[in-house]
Amino acid sequence: MISKVTAVAPANIAFVKYWGALDIERALPRNVTISMTLDRCVSRTTAAFEEGARDADDIAVVDDAGVSRAPSASFRDRAQRHIDRLRHRARRQGRFRIVTRNSFPMGAGIASSASGFAALTLAAWRAMGADAGTSELSILARESGSGSAARSVIGGYVEWPSDPLDPESPASEIAPASHWKLCDVVTVVDAGEKDVASVDGHRRAATSPHYETRLRLLEGRLAAVRGAILARDLGALGPALEEEAIELHLVAMSSRPPVFYWKPGTLCVLEEIRGLRRNGVPAWFTMDAGANVHVICEPRSEREVVERISALPEVRSVISDGVGEGPRFEAEHLF
Ligand code: DP6
């Protein structure tokens, strides 16, 4: 018998970043992180599980044109190792067929690991008939090696790990999406794949002379970000977001060998956001490990932000996203 499940899991934007690991293979972070789960940038994954079948698994991605094709070797390897682990954990034998599709353009330089591995975990686990609560799913998603996937199984504002003294602890909710309807104007200035994968950035982080200082400063910043979310205070959240993003890149750029993600377009967008603020528009930037910029603002400023950012010649595309409710299952399948 074949059991088929489709899961939709969102990407998330880190407000306090995971950068540097205690155990890179198991994605155990050095520090607590906080993120906002997105709404429109999602991965949709259908997993079909045939109990008892012994043929090799089949993993495919659907491209922007809607055509099913073989995934990149690196995604295939990571996904294969992950489904082997899930099957082992669930004590099942059988064959998977997996198809996945992103709502955002594949070549846009927008990270899809968090949403992709969260969706894969949710779909594969349920297709095997295995049961789990959100905390267990968060841990299973993290074990894919994409630590940020641990946060994508929960909607709204999320903290991971939930216990600062236990890096193996799952993500947990700080506040639901309905608490504060923040927008994220995802600004693409570089559509290429980044030169240095996050996993290598994590490995190099501790070689930066600024890394230990960052860890020391984080306790105060975590409290500030958590407090600003709970108080819905963008004036307090914004500066903490920008400091945090700059610090991630400061550590990356001063690692040995250095990791340099910024492109000329990155600086143009940052300059524009500062200009917007001088004109009274409360908008603040953050960036993950890449050249693209996430502009965080409230719904009343979103239109002006989108118009001003889209007009920059360095900007290739803009996706208007915002806080989302988290993953869901769908009755309609990809195959
Ligand atoms: C800078 O190891 O989760 O985005 O496997 O590429 O998803 P991927 O990366 P991961 O590191 C994320 C690094 C970050 C910050 C963050 O999301 O916390």
Side-chain angles (χ1 to χ4, degrees), residues 9-38 41-43 71-72 74-75 77-79 81-82 100 102 104 106 108-121 138-154 157-161 167 170-171 174 184 186 192-205 208 211 214-215 218 221-222 225 240-241 243-253 255 259-262 266 285-294 296:
N12 65 78
I13 176 66
F15 287 177
V16 179
K17 322 279 182 186
Y18 162 36
W19 202 244
L22 291 165
D23 179 337
I24 192 69
E25 305 303 327
R26 301 175 61 217
L28 298 181
R30 276 289 298 268
N31 62 278
V32 173
T33 73
I34 294 179
S35 61
M36 178 174 89
T37 299
L38 299 184
C41 291
V42 298
S43 296
S72 68
S74 72
F75 177 76
D77 284 359
R78 280 179 84 180
R81 270 186 279 129
H82 192 49
T100 192
N102 292 335
F104 44 94
M106 289 171 88
I110 305 171
S112 55
S113 310
S115 54
F117 281 104
L120 175 59
T121 304
S138 171
I139 291 171
L140 289 169
R142 186 208 83 221
E143 288 177 342
S144 67
S146 173
S148 49
R151 301 185 304 236
S152 271
V153 302
I154 298 174
Y157 300 88
V158 178
E159 188 156 19
W160 165 71
I174 296 176
D184 177 0
V186 185
E193 194 138 306
K194 57 191 180 201
D195 298 337
V196 180
S198 302
V199 66
D200 295 315
H202 293 304
R203 279 201 187 98
R204 289 182 211 174
S208 162
Y211 188 63
R214 161 175 170 70
L215 293 180
L218 271 183
R221 190 172 300 138
L222 282 161
V225 168
L241 284 187
E243 272 171 30
E244 169 63 5
I246 297 294
E247 209 166 85
L248 165 81
H249 287 270
L250 168 79
V251 167
M253 289 176 197
S255 294
V259 187
F260 210 97
Y261 288 120
W262 291 22
T266 310
F285 66 79
T286 184
M287 280 164 284
D288 276 345
N292 300 321
V293 183
H294 293 250
I296 306 298

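Just follow the structure's listing: the first ligand is 1, and inside any ligand the first atom is 1.
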Please report whether the ring centroid of Tyr211 lies less than 6.0 Å from that of Trp19. no
Charged N-O contact under 4.0 Å between Arg26 and Glu143: no
Output the set of protein residues with a heavy-atom contact under 4.0 Å to ligand 1, ordered first by chain identifier and then by residue number. Ala14, Lys17, Tyr18, Trp19, Arg78, Ser113, Ser146, Gly147, Ser148, Arg151, Ser198, His202, Asp288, Ala289
Exercise: do Lys17 and Ser35 side chains pair donor with acceptor under 3.5 Å: no
Do Ser146 and Ser113 get their side chains close enough for a donor-acceptor pair, meaning under 3.5 Å? no
Against Glu25, only a single residue in Arg78, Arg203, Arg81 fulfils salt bridge (charged side-chain N to carboxylate O under 4.0 Å, His left out); can you say which? Arg203
What do the steps show when you test Thr37 against Asn12 for side chain to side chain donor-acceptor pair (under 3.5 Å), and what is the final call? CA-CA 4 Å; Thr37 299; Asn12 65 78; 5.8 Å; no
